[in-house]
Amino acid sequence: MLQIQNQSLRPLTTAHLAQTMSLLTLPNLELRDRIMSELATNPALELVEERICPTCRRRLISGGPCPACARPEGEGPIVFLSSRDSSRSSRQTGQEESPLDREPVAPENLAAHVLEQLAADLSPEDRPLAAYILAGLDEDGFLQDHPAYIARATHSTLSQVTEVLDLIARADPPGLATTGPREALLAQLNLLGAENPNVLLARRMLAETFSELGRREFERISERLSIRVESVRQAAGFIRDNLNPYPARAFWGSGRQAQASDPNVYHNPDIQISFSPSATQGAIVVEVFAPVSGWLRVNPLFRQAMAQATEEHSAEWAQDLDRAALFVKCLQQRNNTMRRLMEILATNQHDFITRGDRHLQPLTRARLATQIGVHESTISRAVAHKSVALPDGRIVPLARFFDRSLSVRDRIKEIVHGEPRPLTDDEIAATLEREGIHVARRTIAKYRAMEGILPARLRHRKQAGAAARA
DNA sequence: CTATGGCACGGATT
DNA sequence: AATCCGTGCCATAG
């Protein structure tokens, strides 16, 4: 089947492979940027509106029947591609009910407020551009469209757009018109003087360990950056107290920055696994989010126009056409790989998904690779930098599906929780041995550390080692 | 003397 | 080829 795909692709070259690989590695949000800039620079590419399945109302990205509905609802996972783009998903799912009294503020007010401030710095011809940008922000104050897309829509240059974006980000609700909570926080940070040592560390934490920060894994951050845990906590507190991940909410006073550090809102999943609505015992639905809503194809009109292209342009156009075809092909391949990957993963790790960490089965990328007949490095790339939302609301890295020790660590947590007398690592090892799990004493110590469990000596009375959980 | 954590090594994984 | 992970050895804290 691979041959068929390859045949249909004219410039079957190393470039093709290289691009497929690099796209595979990208998480959805970054892929989205890639697609947008490609879209903005290549006239042969076209973004087609999404279709909505008439029965289940899910959006589809390619032709053919809706995979969710067409499939007879049996046992086994249902895996399909969803064109809901992932930036929205975390909001619709999980416990993010957020009774936040989000008064439906008229966005015009915010836009006007910002425009007023910018009046002095803004050249007249950039005014409409700024207005366009402000109008396109979502209710949290984030940028919806890729800069390149905006440039095209407003007939501006990319540098103009970025310039104006920068101005807006410095205006009163600071961090406005950024692409997400992280960028908003960073923008706000840049406005603060660097005299505070927290600022420096905070910037590093945001840049390098953002998802860990969202999950409040301070120990891990401290490890990664080789900074004392205390400093990390301090910087995290600084971020919480002085910055706001949702600039628009802050502006409307009511914001009170609610729960500024909800672990889940920071991180948008690339994949979502949920229980099937028609709950047939444990049936699950796996959605592989598309990076953009709608789907990409080579613009048929462009292809048509190729016919009567003048010679001076034809070479250039042909190049665009090839580029577009290649890009589309690569994306399809990426989708295909992700889908097959998740299908196997969901089947194989069904118990882990539905019943929790304990039931994670040891599985290596290499084994999986032979199962679906691709090179192991392909799997590595597919798994890297992706995150998945589990039915229980947790958002975890996809790599967790390959964690060799997760189930054992989970068991250790339980043992420690259950035993009245603090057990030493040796005793824990013995307990596990009795259950048929063989791990060295030294390894127990490491697992304990990973889970933030104190050594036996220190959890004498009550182990209140309530690390980041939930 | 016992329980732990640091360092480092070899084998597995990516 | 580079990286990760489990483990053994040894120093040290209690």
Side-chain angles (χ1 to χ4, degrees), chain A residues 14 17-18 20-27 208-209 211-212 217-230 232 270 334 337-338 340-342 344-345 348-349 352 357-358 360-388 396-413 415-416 419-463 465 467:
Chain A
T14 53
L17 281 178
T20 312
M21 287 309 172
S22 67
L23 291 184
L24 196 55
T25 320
L26 257 39
E208 297 172 44
T209 59
S211 48
E212 287 87 347
E217 298 173 347
F218 299 136
E219 295 86 358
R220 192 172 160 72
I221 296 173
S222 124
E223 213 175 278
R224 286 266 298 271
L225 304 181
S226 39
I227 301 279
R228 289 186 311 118
V229 179
E230 250 333 289
V232 171
D270 301 294
R334 179 192 136 107
T337 308
M338 291 301 294
R340 288 198 295 163
L341 169 71
M342 287 315 298
I344 303 238
L345 230 41
N348 234 320
Q349 305 285 22
F352 161 66
D357 291 352
R358 185 77 49 80
L360 183 73
Q361 292 187 350
L363 175 68
T364 68
R365 294 163 172 79
R367 266 230 326 266
L368 191 52
T370 53
Q371 235 177 100
I372 62 179
V374 295
H375 191 37
E376 27 182 289
S377 71
T378 307
I379 301 294
S380 286
R381 292 169 193 281
V383 168
H385 310 303
K386 309 292 192 306
S387 62
V388 41
V396 303
L398 187 54
R400 176 149 319 172
F401 279 75
F402 301 89
D403 191 317
R404 278 182 266 173
S405 58
L406 188 68
S407 62
V408 183
R409 296 204 309 266
D410 193 50
R411 181 76 187 101
I412 291 177
K413 263 195 291 190
I415 291 174
V416 171
E419 300 298 12
R421 176 178 54 90
L423 295 174
T424 69
D425 292 346
D426 262 323
E427 289 166 323
I428 294 176
T431 308
L432 288 176
E433 186 72 63
R434 255 177 267 127
E435 297 175 16
I437 307 170
H438 178 78
V439 266
R441 176 243 113 211
R442 185 64 186 82
T443 310
I444 304 284
K446 285 216 157 177
Y447 289 170
R448 260 196 313 101
M450 282 189 208
E451 298 296 339
I453 301 173
L454 293 168
R457 212 172 266 285
L458 292 176
R459 57 184 139 96
H460 264 274
R461 233 336 168 199
K462 197 79 165 189
Q463 56 99 36

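Sequence lines set the chain letters: A, B, ... in the order given, protein chains first and strands last, and positions in each chain run from 1. On a predicted model such as this, the values are computed, not experimentally measured, just so you know.
Taking only side-chain atoms of A:Ser405, from C-beta outward, the nucleotide of B:dT4, C:dG6, C:dT7 with the closest atom is C:dG6. Here the side chain of A:Thr443 is nearest to one of B:dT13, B:dT4, C:dT7, namely C:dT7. Here the side chain of A:Lys446 is nearest to one of C:dC5, B:dA3, B:dA8, namely B:dA8. Among the nucleotides C:dC5, C:dG8, B:dT4, the one closest to the side chain of A:Ala456 is B:dT4. Among the nucleotides C:dT7, B:dT14, B:dG5, the one closest to the side chain of A:Arg365 is B:dT14. For A:Ala445, whose side chain is taken as the heavy atoms from C-beta onward, the closest listed nucleotide among B:dT13, B:dT14, B:dG5 is B:dG5.
Note: CD (A:Glu376) to C1' (B:dA12) measures 11 Å, nearest angstrom. When rounded to the nearest whole Å, the span between CG of A:Asp403 and P of C:dT3 equals 20 Å. The distance from atom CG of A:Leu454 to atom P of B:dA3 is 17 Å, rounded to the nearest whole Å. When the C1' atom of B:dG5 is taken as reference, atom CD1 of A:Ile453 falls 16 Å away, rounded to whole Å. Distance A:Leu24 CG to B:dT14 C1': 14 Å, rounded to the nearest Å. Between the CD1 atom of A:Ile428 and the C1' atom of C:dT7 there is a distance of 17 Å, rounded to whole Å. Remark: P of C:dG6 and CZ of A:Arg409 are 8 Å apart, rounded to the nearest angstrom. Spacing between atom CG of A:Leu368 and atom C1' of B:dT14 amounts to 13 Å, rounded to whole angstrom units.
Using a 4.0 Å heavy-atom cutoff across all strands shown, A:Ser377 reaches no nucleic acid atom at all. Note on A:Arg448: only backbone sugar-phosphate atoms sit closer than 4.0 angstrom, heavy atoms only; bases stay farther off.
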Stepwise, does the side-chain contact (heavy atoms from CB on, under 4.5 Å) test hold for A:Thr337 with A:Arg381? CA-CA 10 Å; A:Thr337 308; A:Arg381 292 169 193 281; over 6 Å; no
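Considering every non-hydrogen atom in both A:Leu360 and A:Phe401, the closest pair reads CD1-O, 3.8 Å. Of all heavy-atom pairs between A:Leu26 and A:Arg334, the closest is O-NH1, 2.7 Å. The minimum heavy-atom distance between A:Glu427 and A:Pro422, with the atom names listed, is OE1-O, 4.3 Å.
Considering only residues two or more places apart in sequence or on other chains, A:Asn348 meets the side-chain contact (heavy atoms from CB on, under 4.5 Å) condition with A:Ile344, A:Gln361, A:Leu363, A:Gln371.
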If the sugar-phosphate is the primed atoms plus P, OP1 and OP2 and the base is the rest, what is the B/S/- string for nucleotides 9-14 of chain C, using protein heavy atoms under 4.0 Å? B----S
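Listed for the A:Ser405 side chain is no donor-acceptor partner under 3.5 Å among the backbone atoms of A:Val408.
Residues A:Leu423 and A:Val416 fail the side-chain proximity criterion, which asks for heavy atoms closer than 4.5 Å.
With A:Glu451 as the partner, the salt bridge (charged side-chain N to carboxylate O under 4.0 Å, His left out) test is satisfied by one option alone out of A:Lys446, A:Arg411, A:Arg409: A:Arg409.
The phosphate of C:dG6 (OP1 or OP2) has a side-chain N or O of A:Tyr447 nearer than 4.0 angstrom.
For A:Leu363 and A:Asp426, each mapped to the nucleotide of DNA chain B holding its nearest heavy atom, the one lying further toward the 5' end belongs to A:Asp426.
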